[in-house]
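What follows is a set of notes on a single structure, which appears directly below.
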Amino acid sequence: MKALLLASLLESSLNSFQKLSVTHCYAIKCGSVSDIYVSNRILDSYIKFGFLGYAHKLFDEMPQRDSVSWNTMISGYTSCGKLDNSWCLFTDMKRCGCYVDGYSFSRLLKGIASAKRFHLGEQVHGLVIKGGYECNVFVGSSLVDMYAKCERVEDAFEAFMEISEPNSVSWNALIAGFVQVRDIETAFWLLGLMEMKAAVTMDDGTFAPLLTLLDNPMFCNLLKQVHAKVLKLGLEHEITICNAMISSYADCGSVSDSKRVFDGLGGSRDLISWNSMIAGFSKHEQKESAFELFTEMHRNWIETDIYTYTGIVSACSGEEHQSFGKSLHGLVIKKGLEQVTSVSNALISMYIQFPTGVMKDALSLFESLKSKDLVSWNSIMTGFSQKGLSEDAVKFFSYLRSSNIEVDDYTFSAVLRSCSDLATLQLGQQTHALATKSSFESNEFVTSSLILMYSKCGVIENARKCFEQISSEHSTIAWNAMILGYAQHGSGQVSLDLFSQMRNQNVKLDHVTFTAILTACSHTGLIQEGLELLNSMEPVYKIQPRMEHYAAAVDLLGRAGLVNKAKELIESMPLSPDPMVLKTFLGVCRACGEIEMATQVASHLLEIEPEDHFTYVSLSHMYSDLKKWEEKANVKKMMKERGVKKVPGWSWIEIRNQVNAFNAEDRSHPLSKEIYLMIEDLTQEMQWLDSDKGIDQASLIGVNFVF
DNA sequence: CTAGGGTTAG
């Protein structure tokens with residue numbers, strides 16, 4: 001009677017913690033706790049409900065324990081990431097003379113796998129061999145998985161070969177290992193081998209990880225083939241495969257196909273399906289659809305999690321989503337997710353991308369985040385760099401270096417961009433050395449930043465060296481950087497040559513390529529070439545000209561004094577010109593002495609961007625040139641009334657780790673007297689060179705600088 | 001009481 005009652009109690013305890021407690025009390029009362037089977041069942045239930053403490057107490061009080069009791073405790077600790085406790089239990093188990101079996105090994109190895117403790121894994125492998133469990137399919141698969149998670153695919157392969165009859169789980173674990181190290185070829189080769197084996201069948205566990213490899217438009221066809229195979233095997237309703245396909249289609253550039261898979265799931269979609277679809281939409285600038293899904297989730301009372309929030313927060317980038325983004329931040333706080341690193345990271349980069357506001361919001365979030373990871377640091381540094389606060393970016397880099405977080409290619413790219421912004425060669429070189437040491441030098445983003453840094457610092461030869469060393473000859477961003485480097489260096493012809501090489505070698509061109517090449521034309525006075533390129537962008541290269549291209553073209557025409565042509569260009573634009581184009585045009589008007597046109601453009605600019613000092617300063621300078629003092633005074637008055645401050649322009653030079661900064665009419669430098677004398681000398685020399693007799697001798701003159 | 005698989009931020 002007692003045994004029967006206990007058995008039924010144990011059965012119902014599986015889904016209620018309260019019933020479990022009652023069962024435990026009853027078992028104690030009738031002395032059944034000494035029954036190993038009963039105690040093991042209670043132990044397991046405590047662990048399933050997450051009450052590890054209760055479980056351990058019961059375990060300690062058990063008069064007798066068998067392998068099952070020990071194994072249950074081991075897996076209890078592995079599943080909550082407490083590997084050290086599992087390991088202690090494992091060693092105690094052996095010490096107590098309890099029989100270590102296949103179950104013990106697979107559970108321990110699972111913990112080692114998720115902790116990626118390769119050396120411990122190797123030790124356990126030794127024990128597995130000693131115990132003769134190598135060919136056991138469960139232990140063997142655990143070993144394969146352990147090595148795979150530690151990214152030791154060779155070892156995983158060897159362990160796999162030891163399994164006498166590998167099943168689909170063994171195969172899947174091995175394939176997943178090659179997926180993890182992004183060895184696409186081997187992963188698909190193994191898939192082919194697996195297909196030929198009659199003893200194993202490919203299942204959802206085979207395809208889900210494989211699909212995550214297909215994250216680039218170049219895999220579009222492969223993805224379709226895999227999809228076809230999935231259909232052929234009748235696996236198209238497997239949730240994990242569908243979820244992986246939603247992401248893959250989005251990454252391969254076909255969100256509509258993602259949506260089709262998502263819709264096909266109907267009511268069987270789970271949280272991951274929703275999250276993947278939201279992330280897919282926000283990656284592909286289909287922000288509105290992402291927002292719609294998010295509200296639909298709420299309408300349907302679907303639980304959200306951190307992935308939902310990282311996805312939806314990253315959909316808020318532009319000005320138009322600013323207020324929604326802020327409400328999301330509020331929601332995150334309400335849900336108590338603000339200290340979750342990934343969520344906070346997404347919020348930080350959201351604040352950085354808002355056009356207004358400097359770094360205040362992003363920075364305060366960053367500072368209050370308790371566990372910052374590399375992404376947090378990289379985001380904040382990129383933010384500083386993008387907002388023109390490069391000194392802060394560099395400062396944060398040194399903070400980061402003094403922490404024990406390893407830096408990566410994103411870090412180097414951000415720091416090097418700041419170095420080029422600051423034109424600080426020494427720091428740039430030091431960073432270059434660090435990048436080389438940690439072998440991130442060959443990363444295309446790092447290389448491009450190096451090229452930009454060296455060209456900005458005037459060491460174009462070094463920029464060229466970096467460019468020559470790029471591993472992927474088809475890196476568009478590296479070519480763009482080099483073209484821009486030569487453009488800034490005044491070697492527009494070299495830029496144009498590189499551009500034609502780029503076309504000959506079938507390197508993909510993008511909108512940045514055209515900004516770079518138009519800048520090159522502008523700086524070298526190649527008017528005709530520049531205009532032809534602008535006009536060919538859309539019809540020949542299928543790249544729609546953006547504002548920056550028009551601005552570059554206006555600048556190009558302006559430098560040649562063709563104000564009217566510039567005006568015509570602006571009027572012919574398919575979109576109405578943005579402030580950047582207008583400001584460029586204002587500069588052109590001023591330089592060409594077109595006062596009337598300048599006044600017109602300026603008054604328009606003052607209306608749309610009243611807070612920007614540029615327009616006021618341009619006008620003020622123009623009136624000074626024309627000696628129109630009254631007008632100049634009006635402009636100054638307007639600035640004062642509107643609270644607009646002139647931002648002085650600075651120049652600086654780095655000499656032996658010391659930055660020497662100057663602005664107009666500055667006499668604060670300790671060597672000011674000598675500097676001004678030298679400037680006078682140089683000016684005279686330039687004037688002389690500019691005269692007829694100077695030109696022929698120009699190449700013979702070496703100018704020595706005193707500092 | 002054992003083993004594998006799908007989502008996130010720069």
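Only a predicted model underlies this, so the values are computations on that prediction, with no experimental measurement involved. All chains are named by letter (A, B, ...) in the order of the sequence lines, taking the proteins before the strands, and each is independently numbered beginning at 1.
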Identify whether any heavy atom of [X] sits under 4.0 Å from a base atom; if not, whether one sits that close to sugar-phosphate; answer base, sugar-phosphate or nothing.
X	answer
Leu174(A)	nothing
Ile272(A)	base
Asp270(A)	base
Ser75(A)	nothing
Lys283(A)	sugar-phosphate
Asp203(A)	base
Ser106(A)	base
Asp145(A)	sugar-phosphate

Ion pair present between [X] and [Y], side-chain N to carboxylate O less than 4.0 angstrom?
X	Y	value
Asp421(A)	Arg417(A)	no
Asp251(A)	Lys283(A)	yes
Glu151(A)	Lys149(A)	no
Arg41(A)	Asp44(A)	no

#### Entry: Under 5.5 Å and under 30°: Tyr309(A) stacked on dT8(B)
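No, Tyr309(A) does not stack on the base of dT8(B), since the centre distance and plane angle fail the 5.5 Å and 30° test.
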
Look at the side chain of [X] and decide which nucleotide, out of [options], has an atom nearest to it.
X	options	value
Phe138(A)	dT8(B), dC1(B), dT2(B)	dT2(B)
Thr212(A)	dT8(B), dT7(B), dC1(B)	dT7(B)
Arg107(A)	dA9(B), dA3(B), dT2(B)	dT2(B)
Val375(A)	dA9(B), dA3(B), dC1(B)	dA9(B)
Val169(A)	dT7(B), dC1(B), dA3(B)	dA3(B)

### Message
It should be established whether Lys110(A) places a side-chain nitrogen or oxygen under 4.0 Å from OP1 or OP2 of nucleotide dG4(B).
### Response
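The answer is yes; a side-chain N or O of Lys110(A) sits under 4.0 Å from OP1 or OP2.
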
### Task
Using the six-membered ring wherever Trp is involved, compare the ring planes of Trp70(A) and Phe59(A) and label them parallel, tilted or perpendicular (cut-offs 30° and 60°).
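Ring orientation of Trp70(A) relative to Phe59(A): perpendicular.
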
### Task
Take the protein atom CE of Met73(A) and the nucleotide atom C1' of dT2(B), then report the distance between them rounded to whole Å.
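So the two atoms are 17 Å apart, to the nearest Å.
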
#### Entry: By side-chain contact (heavy atoms from CB on, under 4.5 Å) - contacts of Cys135(A) (at least two apart)
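Checked Cys135(A) against side-chain contact (heavy atoms from CB on, under 4.5 Å); matches are Ser164(A).
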
### Listed partners of Lys372(A) passing salt bridge (Lys or Arg N to Asp or Glu O under 4.0 Å), at least two apart
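Lys372(A): no salt bridge (Lys or Arg N to Asp or Glu O under 4.0 Å) contacts found.
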
### Query
Tell me, which of residues 408-418 of chain A have any heavy atom that sits under 4.0 Å from an atom in DNA chain B?
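Within residues 408-418 of chain A, the residues near DNA chain B are Asp408(A), Tyr410(A).
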
### Task
State whether the distance check finds a donor on one side and an acceptor on the other, under 3.5 Å, for side chain Ser276(A) versus base dT7(B).
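Such a pair does not exist between side chain and base.
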
### Query
Under 3.5 Å, is there an N or O donor on one side and an acceptor on the other linking the side chain of Asn172(A) and the base of dA3(B)?
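For Asn172(A), whose side chain was compared with the base of dA3(B), there is no donor-acceptor pair (under 3.5 Å).
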
